[in-house]
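All heavy atoms count here, side chains included; hydrogens, waters and symmetry mates do not.
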Amino acid sequence: MQKERANHQKNTTPPAVPPLAKPPIKGMGGLIQLVAWGILFFIPFFFTGREQQSITLESYLHFLKIPVSFMIIFYANYIILVKKYLFKKHTIKFILSNIVLIILVIFCIHLLPSPPHPKPPVEHTWQEIVGFFLGNTILYILVAGLSVAIKMTNNWYAAESARKEMKKKQDRSGVTKPEKPA
């Protein structure tokens with residue numbers, strides 16, 4: 001009797017990690033990305049007021065280099081680096097490739113020409129320059145982290161869906177896993 005109860009408890013114990021629910025709406029991740037990028041690209045239009053000058057094409061094109069650089073970091077991770085390195089447990093390669101990517105993007109952004117300013121340029125101290133690059137680096141790391149989080153979540157949903165589908169097929173065919181001997 002005790003052996004039956006022990007077997008029943010083994011078979012009815014909940015999994016250590018609860019299964020993931022199905023995403024509420026198929027394609028929700030793409031919609032969220034579209035809205036987020038839309039907001040990021042149109043920020044200058046949200047913050048123009050009576051006190052500020054209007055947005056010119058030249059100033060908007062200058063602004064675009066920041067959101068485009070975020071997109072480069074995000075989608076390089078989302079489409080290529082996570083699948084190529086992180087899912088295959090090559091964490092060091094993943095980190096190094098992100099460091100190289102972020103450095104390249106920062107220098108490319110820095111080298112792009114800026115529109116002429118009506119005021120003469122202000123000389124910045126090396127501390128201000130380092131702070132600027134450090135701040136940008138942190139933002140790029142956060143963007144890379146966000147892409148990893150979204151890709152990992154999508155992968156977990158897909159794996160859970162595949163696991164449930166396999167369990168359904170096993171249940172329909174009547175095949176059960178053999179029990180381990182006690």
Side-chain angles (χ1 to χ4, degrees), residues 17 20 23-160:
V17 177
L20 293 171
I25 299 172
K26 192 171 180 101
M28 179 65 93
L31 180 63
I32 290 171
Q33 287 180 43
L34 184 67
V35 169
W37 291 122
I39 290 170
L40 189 63
F41 275 87
F42 290 104
I43 278 179
F45 301 111
F46 296 140
F47 294 108
T48 55
R50 289 184 210 120
E51 301 89 31
Q52 297 176 347
Q53 65 185 31
S54 62
I55 300 290
T56 64
L57 179 62
E58 189 176 28
S59 65
Y60 184 69
L61 290 175
H62 177 66
F63 163 79
L64 280 181
K65 64 184 181 181
I66 299 302
V68 167
S69 68
F70 285 160
M71 287 185 86
I72 291 168
I73 299 289
F74 183 89
Y75 287 110
N77 276 282
Y78 189 79
I79 295 170
I80 301 166
L81 299 177
V82 172
K83 189 162 72 170
K84 186 174 182 179
Y85 296 124
L86 205 55
F87 285 165
K88 294 180 181 176
K89 311 272 191 236
H90 299 295
T91 310
I92 300 297
K93 288 181 182 178
F94 175 76
I95 291 170
L96 290 174
S97 61
N98 262 296
I99 289 170
V100 169
L101 177 65
I102 289 171
I103 289 170
L104 283 173
V105 167
I106 286 175
F107 281 111
C108 287
I109 292 301
H110 185 68
L111 294 176
L112 285 175
S114 296
H117 294 286
K119 300 176 189 173
V122 178
E123 287 294 321
H124 296 286
T125 63
W126 69 270
Q127 292 96 342
E128 291 174 324
I129 294 170
V130 168
F132 174 77
F133 282 110
L134 194 59
N136 279 349
T137 303
I138 290 170
L139 285 174
Y140 290 130
I141 290 170
L142 290 173
V143 168
L146 178 64
S147 68
V148 169
I150 292 171
K151 188 70 168 184
M152 296 287 277
T153 303
N154 289 345
N155 195 46
W156 289 333
Y157 278 124
E160 182 64 21

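Every pair passing side chain to side chain donor-acceptor pair (under 3.5 Å) that includes a residue from residues 29-47 is listed here, sequence neighbours excluded: Q33-Y75, W37-Y75. Among pairs with a residue in residues 93-114, those fulfilling ring-ring contact (aromatic ring centres under 6.0 Å, His included) read H110-F133, at least two apart in sequence or across chains.
Closest non-hydrogen pair, H90 versus K84, comes out as CD2-O, 4.2 Å.
Here the straight-line distance linking atom CG of L81 with atom CG of L96 works out to 11.5 Å at 0.5 Å rounding. Atom CG of L86 sits about 5.5 Å away from atom CE of M152, to the nearest 0.5 Å. For the atom pair CD1 (I66) and CD1 (I43), the distance works out to 11.5 Å, reported to the nearest 0.5 Å. How far OG of S69 is from CD1 of I106: 8.5 Å, rounded to the nearest 0.5 Å. Annotation: the span from T137 atom OG1 to I102 atom CD1 amounts to 7.0 Å, rounded to 0.5 Å.
Residues satisfying the ring pair (Phe, Tyr, Trp, His ring centres under 6.0 Å) test with F70, not counting sequence neighbours, are Y140. With sequence neighbours left out, the side-chain hydrogen bond (donor to acceptor under 3.5 Å, both in side chains) criterion links T91 to no other residue. Under the side-chain contact (heavy atoms from CB on, under 4.5 Å) criterion, K65 pairs with H62, I109, L112, S114, sequence neighbours left out. Residues satisfying the side-chain hydrogen bond (donor to acceptor under 3.5 Å, both in side chains) test with Y60, not counting sequence neighbours, are none. Partners of V68 according to the side-chain contact (heavy atoms from CB on, under 4.5 Å) rule, which considers only residues two or more places apart in sequence or in another chain, are F41, I72. With sequence neighbours excluded, the residues satisfying side-chain hydrogen bond (donor to acceptor under 3.5 Å, both in side chains) with N98 are N77. Annotation: side-chain hydrogen bond (donor to acceptor under 3.5 Å, both in side chains) contacts of Y78 (sequence neighbours excluded): N154.
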Show the atom names and distances, to 0.1 Å, of all donor-acceptor pairs under 3.5 Å that link a side chain in residues 141-150 to residues at least two apart or in another chain.
{"unit_1": "S147", "atom_1": "OG", "unit_2": "A144", "atom_2": "O", "d": "2.7"}

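Shown here is I92, whose CD1 atom has no more than 12 heavy atoms of other residues, nucleotides or ligands within 6.0 Å.
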